[in-house]
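Notes for the one structure printed next.
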Amino acid sequence: MTPFIFNTTASIICEPGAARRLGALVAGRLGDRVLFVTDPGLSALGLGAPAIASLETDGATVTLFDAVEADPKRATLERAVEAGRAAGVTGVVGFGGGSSLDVAKLAALLLGSGEDLDDAWGVGNAAGPRLPLVLIPTTAGTGSEVTPVSIITVGDNEKRGVSSPLILPDIAILDAELALGLPAAITAATGIDAMVHAIEAYASKSPNNNPLSRMLARQALQLLGAHIETVVANPADLGAREAMLLGSMLAGQAFANSPVAAVHALAYPIGGRFHVPHGLSNALVLPHVLRFNAPEAAHLYAEIAADAFPVLADEPGTQGRCAAFIEALTGLSQRLGLPQRLRDVGIGEAHLPAMAADAMLQQRLLVNNPRAVGEADALAIYRAAW
């Protein structure tokens, strides 16, 4: 067996209503001054209020930072750190989608260590220590609650990441009640995002691709494939919501250790330049990247096809099953009502060359792709998606 390293969150709590008992569940591990990081939409809805109240009942003073936007900018992270520093916080809670969780991770790191963010970019460069950290996802997509990665937008368009086991939280809480009101479009896009994590983790060329990640990726695809259409059609289905949260987390554990590749690399310029949500950015390029990869990865896609779509179990031949898998993913995206072309989200054909150049900046992801991707290849994929 090839040597590998597998890291994940130390404690995972999966329980509807758990956020309302946050104070009791964390049992003082965050200290008595807590920074609560979320976004303005969730704050306006009051979704985090029971969790904040629970912390306060347990004796903590809570500083609310609710200014996280989609594809969070460095300036947003810096404001969160300033708020935490001013309050002398002893612990951090991230509450929301991947953007809020990513800001919370790095806020905990920078508040705990005092290190310069510019020294932490990249893989294994964070020095630590960080403050105690609890992450509570409200969407089933990013798996950020179990990944050692945080992505921040710097400058106008570029996304940079910090990757380190140091930013894995102490506790992840999966509370399906928090996702009950999620709009169908967001549910669909984040669900596809989670499926992409599992697919890319399974087929990753990373030397750390490992049996645990592959097992988790397959279980994730079984849960996500079986429940994504149900939860989009019936948002109040608590069981389906919980299955999606669990599937998203399992996919997160998989790709945290067997990293994602070209789908994500080509999705980042879509989000960075045009502010298209990350899950939708992935969905837009997914089938086109898989078709590009098929000459090298058809056997891998064929192996997982029936996990997501059991009807494909009887599809004959590796090539046939791979092709059917890609078509099934395309059909799923269409049934979920997601935009299908780059032009549908306001991207002009003239922008494609610059996007291809931007994608080449994501070498940390492209090295994991089953097939080498050059700038001309990226441009051809974008044109196919346009």
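Residue numbers start at 1 and run along the sequence shown.
A salt bridge between Glu177 and Arg20 is present, with a side-chain N of the basic residue lying under 4.0 Å from a carboxylate O of the acidic one. Ion pair Asp170/Arg130 flagged as a salt bridge, since at least one NZ, NE, NH1 or NH2 atom sits closer than 4.0 Å to an Asp/Glu carboxylate oxygen. Ionic pairing of Arg214 and Glu303 is not present here: no N-O contact between side-chain nitrogen and carboxylate oxygen is shorter than 4.0 angstrom. Salt-bridge annotation for Arg74 and Asp118: present, with a side-chain N of the basic residue lying under 4.0 Å from a carboxylate O of the acidic one.
Side-chain atoms of His264 and Gln362 include no donor-acceptor pair closer than 3.5 Å. Judged purely by distance below 3.5 Å, without hydrogens or angles, the side chains of Thr61 and Glu56 never pair a donor atom with an acceptor atom. Ser164 and Asn125 are not linked by any side-chain donor-acceptor pair at a separation below 3.5 angstrom, with hydrogens and angles left out of the test. No side-chain donor-acceptor contact under 3.5 Å links Asn209 and Tyr202. Thr187 and Arg241 are linked by a side-chain donor-acceptor pair at a separation below 3.5 angstrom, with hydrogens and angles left out of the test. Side-chain contact annotation: Thr76 with Glu69, donor-acceptor N/O pair under 3.5 Å present.
Between the side chain of Glu315 and the backbone N or O of Ala324, no donor-acceptor pair lies under 3.5 Å. The main-chain N or O of Asn257 is found under 3.5 Å from a side-chain atom of Asn208 such that the two form a donor-acceptor pair.
At least one side-chain heavy atom of Leu30 sits less than 4.5 Å from a side-chain heavy atom of Val34. Proximity of Val134 to Arg29: side-chain heavy atoms (C-beta onward) are nowhere separated by under 4.5 Å. For the pair Ile228/Leu336, a side-chain contact is recorded, criterion being any heavy-atom separation below 4.5 Å from C-beta on. In this structure, Leu342 and Leu352 have side chains that are in contact, with non-hydrogen atoms separated by less than 4.5 Å. Residues Phe65 and Thr38 are not in side-chain contact: their nearest non-hydrogen atoms beyond the backbone lie 4.5 Å or more apart. Put simply, the side chain of Cys322 reaches to within 4.5 Å of the side chain of Ile326, judged on heavy atoms.
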Would Asp102 and Ser99 count as a side-chain hydrogen bond (donor to acceptor under 3.5 Å, both in side chains) here? Give the steps. CA-CA 5 Å; Asp102 279 4; Ser99 294; over 6 Å; no
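Glu296 pairs by the salt bridge (charged side-chain N to carboxylate O under 4.0 Å, His left out) definition with nothing, not counting sequence neighbours.
Of the inter-residue distances, the one linking Leu300 atom CG with Ser204 atom OG reads 10.0 Å to the nearest 0.5 angstrom.
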